Amino acid sequence: MKYIDLRSDTVTKPSPEMRAAMAEAEVGDDVYGEDPTVNMLQETVASLLGKEDALFTPSGLMANQIAIKAQTNPGDEVIVEAQSHIYNYETAAAAVLSNVLLRPIEGRYGIVTSQQVKSALRLPVYYNPKTTLICLENTHNKAGGTVFPLDVLKDIYSIAQKHDIRVHMDGARLWNASVATGISVKEYARYADTITVCFSKGLGAPIGSALVGTKEIIEKARIYRKMFGGGMRQVGIIAAGALYALKYHRDELAHDHEKIRWLANALQNVKTISIDQNTVQTNILVMEVTKNGITAEEIAQKLKKEGVLLSVMSTTTIRAVAHRDVTMDDVQLAGEIIKKILLE
Ligand SMILES: *Cc1c(COP(=O)(O)O)cnc(C)c1O
């Protein structure tokens, strides 16, 4: 069966043109820093985000965890949003790899306010944990692809600077935030010390993320990438896919946002699901199943039998993610099937 796969934008596959670019990539040993394609990717990403340096990593998780390791000491406290990827979907990596205490703060639509951050600051007494890092997510995955407002980000960054706290932005989908708002990724990056970006989601490259920051942090990050097993050799073959995606696929993310907007409109009057239209900002649609006597998992199973794949986020929520490998027609057909299943 050919599925309309809306589980995640990670399911995108490299196009023939991207594969051709990968096949032709010049390569070298990146552990020696000698892979010209990786070096070009790192320079490109650093410059796009207006930071001094960047480090290519095999996954977004590794980039996030390296950022935590490079900016904390064991026993430090790291403020995270309660529904964030770092807190929910990265095993207990921060506890194991960095020995830090994650302090979850519940945001609204995944956005914590500067007031919440202020209230979370601890008195500098020796028996309190020392807060050294704040992690924010833009766009916010679990909240439904919501964009972190720039003014809130600015406020939080200025509070952090005042208290000698670093800010890490998990910008796996920062590209989407920028396309949705017209605010450049560079402008967002001004208000964070380190940023993770992913090439393997909506951009459509098969593998890879990057961590961006000052030369000093990235130098440390390179050590931790090696320690965590992420030092790779002729990895320019993969970096070439990421470079291709940055060049040709970034602006196309707008189409994915249109697809999700269409789906959210089409489903908004279906009585057995509830959609908070405020969350419909980019390429993700989170729906709460309100139909009696059926779980989100059972709905997903029924949809699968009809050829539509969605992901189950909790016992009552399902998620659809638009990406470049599903067309508007696919999404419209999926919308009809979702309606049919939820109304039967
Ligand atoms: C996907 C994602 C990541 C990283 O995921 P990997 O699968 O490790 O590349 C990090 N943060 C957010 C918000 C994500 O959605």
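If you read the sequence from its start, that first residue is 1, and numbering goes on from there. Keep in mind that what you see is a predicted model, and the values were worked out from it rather than measured. When a ligand or atom number is given, it counts from 1 through the structure's own listing order. Heavy atoms only: backbone and side chains are in, while hydrogens, waters and symmetry mates are out.
- For R319 and N141, the side-chain atoms include at least one donor-acceptor pair closer than 3.5 Å.
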Using residues 239-251 as the side-chain source, report each donor-acceptor pair under 3.5 Å to any protein atom, sequence neighbours left out, with the distance given to one decimal.
{"residue": "H249", "atom": "ND1", "partner": "L203", "partner atom": "O", "Å": "2.7"}
{"residue": "H249", "atom": "NE2", "partner": "R324", "partner atom": "NH2", "Å": "3.1"}
{"residue": "R250", "atom": "NE", "partner": "L246", "partner atom": "O", "Å": "3.4"}

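- Only one option out of I159, D193, L133 pairs with V167 in a side-chain contact (heavy atoms from CB on, under 4.5 Å); it is D193.
- Of the residues listed (L150, D155, I156), the one engaging V152 in a side-chain contact (heavy atoms from CB on, under 4.5 Å) is I156, and it is the only one.
- Under the 3.5 Å distance criterion, with hydrogens and angles disregarded, a donor-acceptor pair is assigned to the side chains of D76 and T132.
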Please test T131 against E77 for side-chain hydrogen bond (donor to acceptor under 3.5 Å, both in side chains), starting from the C-alpha separation and ending with a verdict.
-> CA-CA 4 Å; T131 309; E77 177 177 75; 2.7 Å; yes
Quick check for students: name every N or O atom pair between ligand 1 and the protein closer than 3.5 Å, with distances.
{"residue": "ligand 1", "atom": "8 (O)", "partner": "G60", "partner atom": "N", "Å": "3.4"}
{"residue": "ligand 1", "atom": "8 (O)", "partner": "L61", "partner atom": "N", "Å": "2.9"}
{"residue": "ligand 1", "atom": "9 (O)", "partner": "G60", "partner atom": "N", "Å": "2.8"}
{"residue": "ligand 1", "atom": "11 (N)", "partner": "D170", "partner atom": "OD1", "Å": "3.1"}
{"residue": "ligand 1", "atom": "11 (N)", "partner": "D170", "partner atom": "OD2", "Å": "2.6"}
{"residue": "ligand 1", "atom": "15 (O)", "partner": "N141", "partner atom": "ND2", "Å": "3.1"}
{"residue": "ligand 1", "atom": "15 (O)", "partner": "R173", "partner atom": "NH1", "Å": "2.9"}
{"residue": "ligand 1", "atom": "15 (O)", "partner": "K201", "partner atom": "NZ", "Å": "2.7"}

